Visitor: 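Okay, handing you the structure first.
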Amino acid sequence: MNDGVASIRCDPATWVDAHGAALLAYTLMRVRDRQTAEDLVQETFLAALQAANFRGDAMERTWLTGILRNKICDHFRRLARERTQPGGDDVDVVVDGGFAKVMEHWIKEPGRWVVDDEALIANREFWEIFHECLRGLPSRQAAAFVLRMMEDVAAEKVCQDLNISDTNLWVILHRARFRLRTCLEQHWFTP
Amino acid sequence: MSTWTSCKDAAKTVAEGLERELPFHRRVALKFHLLICSACRRYRRQVVGIHRLVRRHVNESSQSVVELDLATRQRFIEKLRQASVTIDAGTPAAGTPVIPPDGGSSHR
């Protein structure tokens, strides 16, 4: 038994106080549902407790985050598998409905706004809305977007995880981006 | 291959271009479309802007803070205590997977 695991057993409170808030923040960035996020952090602590290879101190956070990232990926894989989209994957009513049947021009053109990085990056209200929009995506789109864009998982890996082809992945990500942009326009940029 | 690109096609191509290197003919078709379509130019700028912002957000948000409320903290600690006892008793806690030596970072 090495020191790290010994310390978590003797004093779980220290561990929870040292890392709990940070791990929860990390998770909430990706998984908006508070209960699910807390469960994932809890599972991470338990897995850490079980692991025999803990190195201690400075590595603690990195190590825990590694475990947590796996948990988050599992979570999205499960979501994508459990819930199939109503109406199948051929059509996305929001995306396809955004264009006229004939000539396929915008039914409602994108508004006149630009993304101002400096104004938005630290703007809490903006990210609240962003996460609301993310949560509103169909589960497969959300899974693909979070794994690929936020967790930076390789495209082939995401395809495997979600059991889709690369062409599917491009379509799903396109739909996710389309919906996110529309949602942000409605709720933030031109409310 | 058609030389005409609809806004619907253009939107899809814009997103796909963020994922992979597009074939030459599609790049050209998009360029031409964007030349004549201000709506799609805005779409592209906004989608690329959001993409860039999210990447930054993910990279910079390690310092973000969340309150760990007392009840949650207590629940975490309690669960860990219980699990420690189970481990010390020699039976592995149910439902807790074994983590590979690299901390389970095989997703990279």
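In what follows, chains are A, B, ... by sequence order, proteins preceding strands, each numbered from 1. Nothing here was measured: the structure is a model prediction, and the numbers come from that model.
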Visitor: Do the side chain of B:H33 and the main chain of B:T5 share a donor and acceptor less than 3.5 angstrom apart?
Guide: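 Present.
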Visitor: Test of understanding: with ring-ring contact (aromatic ring centres under 6.0 Å, His included), list the residues that count as partners of A:F145, not counting sequence neighbours.
Guide: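 With neighbours one apart ignored, the set is empty.
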Visitor: Any ion pair linking A:K157 and A:D161 (charged N to carboxylate O, less than 4.0 Å)?
Guide: yes
Visitor: Select, from A:L24, A:D117, A:T65, the one with the greatest count of heavy-atom pairs under 4.5 Å involving chain B.
Guide: A:D117
Visitor: Regarding B:S6 and B:D9, is there a side-chain donor-to-acceptor distance under 3.5 Å anywhere?
Guide: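 Distance-only check passes for B:S6 and B:D9.
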Visitor: Flag the one option from B:V48, B:V54, B:V47 with the top tally of heavy-atom pairs under 4.5 Å to chain A.
Guide: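 Most heavy-atom pairs under 4.5 Å with chain A: B:V54.
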Visitor: In chain order, what residues pass the side-chain contact (heavy atoms from CB on, under 4.5 Å) check against B:R20, with sequence neighbours excluded?
Guide: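 A:W170, B:E16, B:L22, B:P23, B:R26.
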Visitor: Strictly distance-based, threshold 3.5 Å: is any side-chain N or O of A:R77 a donor or acceptor partner for the main-chain N or O of A:L162?
Guide: no
Visitor: For the interface with chain A, which of B:T72, B:L53, B:L68 has the highest count of heavy-atom pairs at distances below 4.5 Å?
Guide: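 Most pairs with chain A among the choices: B:L53.
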Visitor: Go through the structure and list residues passing side-chain contact (heavy atoms from CB on, under 4.5 Å) with A:D17, not counting sequence neighbours.
Guide: B:R73
Visitor: May I ask whether A:I121 and A:M150 are part of the same hydrophobic cluster, defined by side-chain heavy atoms of I, L, V, M, F, W, Y residues being less than 4.5 angstrom apart, directly or through others?
Guide: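 Same cluster: A:I121 reaches A:M150 through Ile, Leu, Val, Met, Phe, Trp or Tyr contacts under 4.5 Å.
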Visitor: Using a heavy-atom cutoff of under 4.5 Å, enumerate the residues of residues 182-191 of chain A that contact chain B, numbered in order, or state 'none'.
Guide: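 Contacts with chain B: A:L184, A:E185.
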Visitor: Pick whichever of A:H105, A:M149, A:E109 has the most heavy-atom pairs under 4.5 Å with chain B.
Guide: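 The residue among A:H105, A:M149, A:E109 with the greatest pair count is A:M149.
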Visitor: Counting only heavy atoms closer than 4.5 Å, note whether A:W127 contacts chain B via side chain, backbone, both or neither.
Guide: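 Side chain of A:W127 only, per the 4.5 Å heavy-atom cut-off to chain B.
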Visitor: Looking at A:G111, A:A176, A:A155, A:A122, which one has more heavy-atom pairs under 4.5 Å with chain B than the rest?
Guide: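 Heavy-atom pair counts peak at A:G111.
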Visitor: Given the rule in the salt bridge (charged side-chain N to carboxylate O under 4.0 Å, His left out) test, do A:R135 and A:E132 qualify, once you have shown the distances and angles that lead to the verdict?
Guide: CA-CA 5 Å; A:R135 188 156 61 170; A:E132 275 303 316; 2.6 Å; yes
